[in-house]
Amino acid sequence: MPHSPSFACRLIAWQKTSGRHGLAWQVSDPYCVWLSEIMLQQTQVATVSAYYPRFLAAFPNVHALAAAAQDEVLALWAGLGYYSRARNLHKAAQQIVSDFGGTFPAERRELETLCGVGRSTAAAIAAFAFKQRETILDGNVKRVLCRVFALDGNPADKAFEQQLWTVAESLLPECADDMPAYTQGLMDLGATVCKRSKPDCPACPMTDICQAKAQNRTAELPRRKVSAAVPEVPLFWLKLTNGKGEILLVKRPQQGIWAGLYCLPCFDDETALHRFAAAWGIAPVHLRADTPVKHRLTHRLLRIAPFAATLPDPHPTPECNGTWVSANALANHGLPKPLARYLAPSNL
DNA sequence: AACACGGGGTC
DNA sequence: GACCCAGTGTT
C-alpha cells in the first residue's frame, strides 16, 4: 500500500495558498454542506453556482425543506439533472427531522442512512461540517490517487475501487482540525491542477513524489472506463393549447427519466399520440409537426418529435390527470431542460 | 457487476 | 463526438 506521510502536509499547505476559496458553500453549516455536496454530484462547480443560492434562499434550513412540497423542490432543481437527487434530498430532510430531531448527525455512518447520501458524500459532510477523519473518494480524488501512486486498475473493478478507498484512508491527516482544508485540497487539486487532460504538473504540490509523472504516464492514468453504446429512443410530445392560451402539462411518474417533473403528454409512438389527441376531439390533420428535438443523456439519445394542436371549441373532456398552465406560470413547474428550451427558446 | 439516472464543460 | 464531472441506488 502506498504510504506517504508528506501527502497530507503538502496538500493542506497547497490548499491554503492555492486552493479555491470563497465558494458559497464553503461554510461549516452541515445543511449547506449537504446541499452543496448533493448538487455537486456529477455536476461541475460552474453549473451548481447558479442553482445553489436560489435553492438555499427558498429553503434556508432543513425544516423549511422538509416541509416543502415535492413539486416546489423539483421546480428549483429543474435543469440541474439527476432528479433522484432532488427527490432524495427532500426525503432526507424529512429523515433529519424524524430520525435525528432536526439536527445533522456528525458520524459518517449515520449520515449514510440519509437518502441520496453515499459513503463519499457522507464523508464530505463529516469532514467539512464536523472535522471527522473520514475520506471522500470522488472522480477528482480517484484521478489524483491513480496518478500520484501510479495505480493502474480497471475503474469498474470492485476490488480496485476498494483499494482506492484504502489508499485514501491511509493518507488522512492526523490532526482532525486539518480535515476541512485537506478535503477541500483533494477536490481542488483534481479540479484545477491534476486535470483529466493537460495536468499542470509544475503547479502541483505532489510533482516530485508523483509516480505517474516519474513514469511519464499521466496521460494514461487513471484508466478509462469502457463506455457502452447509447441506444436511440424516439419520443412524441403533444403541445395542446386551450382557448386561454394555456398548455397541458402532465406530471411524470416517480420512476424513470425526468421522474416527478412536468412534461408535455409524451408517447412512445405516433399512434398513441393520435389516440390521445382524438380523445380531445383533435383529428390527425390538425396536428402540426414541430422541429424535431435531439437530446443526449448519458445513456440514451432521445429523438423527440413534437406536435402542436389547439383545442377545438367545443371539445370533449377526457379523463386526464394533467394541469393547464399559462406561459408565465411555466417557471413554477419543474420542466426537463429540452422541454424548457422547446417551450421558451429565449431562456435557453 | 452492470445499469439507470441529466446536463453541461472540455478538448 | 467522446469523455468526464464534489456519485448513489437498483437489479
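In what follows, chains carry the letters A, B, and so on, assigned in the order in which the sequence lines appear, proteins first and then strands, with residues in each chain numbered from 1. What's counted below: heavy atoms across the whole structure, side chains too, no hydrogens, waters or symmetry copies.
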Over how many whole Å does the gap from [X] atom [atom1] to [N] atom [atom2] extend?
| X | N | atom1 | atom2 | result |
| --- | --- | --- | --- | --- |
| A/Ile38 | B/dC5 | CD1 | C1' | 14 Å |
| A/Arg85 | B/dG7 | CZ | P | 10 Å |
| A/Arg341 | B/dG7 | CZ | P | 8 Å |
| A/Met39 | B/dG8 | CE | C1' | 15 Å |
| A/Phe160 | B/dA2 | CZ | P | 15 Å |
| A/Gln162 | B/dA1 | CD | P | 12 Å |

Say you pick atom [atom1] in [N] and the same atom in [M]; how far apart are they, in whole Å?
| N | M | atom1 | result |
| --- | --- | --- | --- |
| C/dA6 | B/dT10 | P | 12 Å |
| B/dC3 | C/dC3 | P | 16 Å |
| C/dT11 | B/dG6 | P | 15 Å |

query: Which letter, B, S or -, goes with each nucleotide of nucleotides 3-9 of chain C from 5' to 3', with contact meaning a protein heavy atom under 4.0 Å?
result: BSBBBSS
- prompt: Is the closest basic N to carboxylate O distance between A/Arg223 and A/Asp152 below 4.0 Å?
  reply: yes
field: Pair A/Lys131 + A/Asp177: basic N to acidic O under 4.0 Å
entry: yes
- prompt: Going by the angle between their ring planes, with limits at 30° and 60°, are A/Trp237 and A/Tyr342 parallel, tilted or perpendicular?
  reply: tilted
field: Partner of A/Trp25 under ring-ring contact (aromatic ring centres under 6.0 Å, His included), chosen from A/Tyr51, A/Tyr31, A/Trp34, A/Tyr52
entry: A/Tyr52
- prompt: Any side-chain N or O of A/His299 less than 4.0 Å from the OP1 or OP2 oxygen of B/dA4?
  reply: no
message: When you measure from the side-chain N and O atoms of A/Lys337 to the phosphate of B/dG8, is any distance below 4.0 Å, counting only OP1 and OP2?
response: yes
Counting heavy atoms from C-beta on, name the nucleotide in [options] closest to the side chain of [X].
| X | options | answer |
| --- | --- | --- |
| A/His295 | B/dA2, B/dG6, B/dG7 | B/dG7 |
| A/Ser197 | B/dA4, B/dC11, B/dG6 | B/dC11 |
| A/Lys158 | B/dG7, B/dA4, B/dA1 | B/dA1 |

query: Of A/Ala156 and A/Lys198, whose closest DNA chain B nucleotide lies nearer the 5' terminus?
result: A/Ala156
message: We want to know whether A/Gln254 and A/Gln70 form a side-chain donor-acceptor pair, criterion being a heavy-atom distance below 3.5 angstrom.
response: yes
message: Checking A/Thr241 against A/Glu246 for the side chain to side chain donor-acceptor pair (under 3.5 Å) test, could you report, in this order, the C-alpha distance in whole Å, the side-chain angles of both residues, the deciding distance, and whether it holds?
response: CA-CA 5 Å; A/Thr241 307; A/Glu246 296 165 329; over 6 Å; no
query: By side-chain hydrogen bond (donor to acceptor under 3.5 Å, both in side chains), which residues pair with A/Ser18, not counting sequence neighbours?
result: none
- prompt: Within the structure shown, what part of the strands sits under 4.0 Å from A/Leu80 by heavy-atom distance: base, sugar-phosphate, or nothing?
  reply: base
